[in-house]
Amino acid sequence: MIKGKSRVIIENVQPQVDHGLYPAKRTIGENVEVTADIFGDGHDHIRANLLYRKHGEANWQTIEMISAINDHWRGSFTVSEGGKYVFTVTAWIDHFETWYDGFKKKAAAKVDVRLELKEGVQFLKILSNGQNDELNKAISGLDDEYDKAVAYVLTRDFATLVHAYPLIEHETRLDKTLEVVV
C-alpha cells in the first residue's frame with residue numbers, strides 16, 4: 001500500500017485461517033472463492049483484482065473481482081494441481097470509470113459536456129501513452145465534432161473500452177499474501 005495516497009481499504013479477506021497464520025485447504029479442481037470487504041471514501045468507482053499464483057511461480061495471474069453488495073467483493077480461481085498457492089487482493093479508485101459514469105449522467109440530462117470530453121481525452125492519453133492504437137482512436141473520437149463525440153462516448157464500444165482499460169493509480173494491496181494448500 002502507498003501510504004497517504006490510497007483511498008481504498010481492503011479488509012476481511014477470505015479464505016484464511018486464524019488471520020492467515022495457517023493456509024486454507026482445497027482439493028485439485030476445486031474453486032477458491034475469495035471474498036473481501038473493499039471500500040473507499042466518497043462516491044468514486046472502485047475496481048479490484050484477485051492475484052494468485054502457484055508457490056514458486058514468478059508471475060501473478062489476475063482475476064477481476066466483482067462487487068456483490070455493501071462493499072463485499074468476490075472473485076475465484078481454480079486450483080488445477082497439488083501444492084501450495086498464494087493469493088492477495090488489490091484495489092484502487094478508477095478515475096476514468098468515475099469520469100465515464102458522470103459523463104453519461106450529464107449527457108442524459110442534456111448538460112453541456114465539452115469540458116468532460118477534454119477530461120476524457122486526458123484520461124485516454126494517460127492510459128495510451130501514445131502506444132495503444134485502440135485508445136488513440138478513442139482520443140480522436142472524443143476530439144470529433146461535439147455531437148459526434150458525445151454520441152461516441154455513449155456507445156457500447158466505448159463502455160467496453162472503459163472497462164477494458166482501468167486507470168490504476170495509487171493501488172492498495174493487501175499487506176500480506178494468503179495461502180491455500182491443495
Side-chain angles (χ1 to χ4, degrees), residues 1-102 119-120 122-129 131-132 134-135 159-182:
M1 177 171 133
I2 299 172
K3 298 283 185 206
K5 294 197 178 213
S6 177
R7 295 174 42 210
V8 179
I9 295 171
I10 303 170
E11 296 181 335
N12 193 29
V13 177
Q14 298 296 327
Q16 61 176 297
V17 179
D18 204 7
H19 303 286
L21 185 59
Y22 303 104
K25 295 180 181 176
R26 296 293 185 271
T27 59
I28 294 173
E30 195 173 4
N31 275 345
V32 178
E33 292 287 330
V34 177
T35 60
D37 296 331
I38 303 172
F39 54 93
D41 63 341
H43 298 283
D44 291 329
H45 288 223
I46 295 173
R47 302 276 303 265
N49 284 331
L50 164 62
L51 305 172
Y52 75 95
R53 64 182 179 201
K54 186 143 195 254
H55 192 270
E57 290 182 357
N59 296 323
W60 291 99
Q61 301 296 316
T62 303
I63 303 290
E64 181 179 5
M65 295 186 79
I66 305 298
S67 176
I69 188 168
N70 290 339
D71 302 322
H72 195 68
W73 292 69
R74 63 181 59 249
S76 67
F77 63 95
T78 303
V79 288
S80 57
E81 55 188 66
K84 189 183 293 185
Y85 289 77
V86 293
F87 69 93
T88 192
V89 174
T90 63
W92 65 96
I93 301 292
D94 189 337
H95 295 288
F96 185 42
E97 189 176 82
T98 301
W99 164 84
Y100 177 62
D101 185 50
E119 289 174 329
Q122 293 307 309
F123 284 128
L124 288 165
K125 285 181 178 178
I126 291 167
L127 288 163
S128 172
N129 199 22
Q131 306 295 317
N132 184 304
E134 184 177 13
L135 295 176
T160 301
L161 181 131
V162 170
H163 190 79
Y165 294 97
L167 181 57
I168 303 174
E169 296 178 320
H170 309 300
E171 179 180 62
T172 298
R173 187 176 186 139
L174 185 66
D175 58 359
K176 60 184 170 184
T177 56
L178 298 170
E179 296 181 342
V180 176
V181 172
V182 180

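Keep in mind it's a predicted model, so treat the numbers as computed, not measured. Residue indices begin at 1 and follow the sequence shown.
Counting only heavy atoms from C-beta outward, the side chains of Asp44 and His95 approach each other to under 4.5 Å. No side-chain heavy atom of Trp60 sits under 4.5 Å from any side-chain heavy atom of Asn49. Between Arg26 and Tyr85, the closest side-chain pair of non-hydrogen atoms is not below 4.5 Å. Residues Leu124 and Leu161 meet the side-chain proximity criterion, which asks for heavy atoms closer than 4.5 Å. Between Leu167 and Trp92 the shortest side-chain heavy-atom distance does not fall below 4.5 Å. Leu178 has its side chain within reach of Lys176: a pair of non-hydrogen atoms, C-beta onward, lies under 4.5 Å apart. Side-chain contact between Ser80 and Ile28 is absent, with no heavy atoms from C-beta onward closer than 4.5 Å.
When every heavy atom of Gly75 is checked against every heavy atom of Met65, the shortest pair comes out as N-CE, 3.9 Å. Of all non-hydrogen atoms in Ala91 and Ile46, the two that sit nearest each other are CB-CG2, 4.4 Å. The minimum heavy-atom distance between Phe39 and Glu11, with the atom names listed, is CE2-OE1, 3.6 Å. Nearest approach of Glu119 to Trp99, heavy atoms of both residues: OE1-CD1, 3.7 Å. Of all non-hydrogen atoms in Val17 and Ala24, the two that sit nearest each other are CG2-CA, 4.1 Å. Closest approach of Pro166 to Leu127, counting heavy atoms only: O-CD2, 3.5 Å.
The distance from atom OG1 of Thr88 to atom CZ of Arg173, rounded to the nearest 0.5 Å, is 5.5 Å. Separation of atoms OG1 (Thr78) and CD (Gln61) is listed at 12.0 Å; rounding is to 0.5 Å. Here the straight-line distance linking atom CD of Glu64 with atom CG of Leu50 works out to 11.0 Å at 0.5 Å rounding. Distance check: Asn59 CG to Lys54 NZ gives 15.0 Å after rounding to the nearest 0.5 Å. Atom-to-atom distance recorded for Glu171:CD and Ile93:CD1 is 12.0 Å, nearest 0.5 angstrom.
A parallel orientation is assigned to the rings of Phe77 and Tyr52, their planes being inclined by less than 30° (bins at 30° and 60°).
A donor-acceptor contact shorter than 3.5 Å links the side chain of Arg47 to the backbone of His163. In this structure a side-chain-to-backbone donor-acceptor pair under 3.5 Å is present from Thr98 to His45. In this structure a side-chain-to-backbone donor-acceptor pair under 3.5 Å is present from Asn132 to Leu135.
Judged purely by distance below 3.5 Å, without hydrogens or angles, the side chains of Gln14 and Asn12 pair a donor atom with an acceptor atom.
Across Thr35, Ile38, Leu51, a single residue satisfies side chain to side chain contact (heavy atoms under 4.5 Å, CB included) together with Val89, and that is Ile38.
Listed by first and then second residue, the side chain to side chain donor-acceptor pair (under 3.5 Å) pairs involving residues 65-74 are Asp37-His72 (not counting sequence neighbours).
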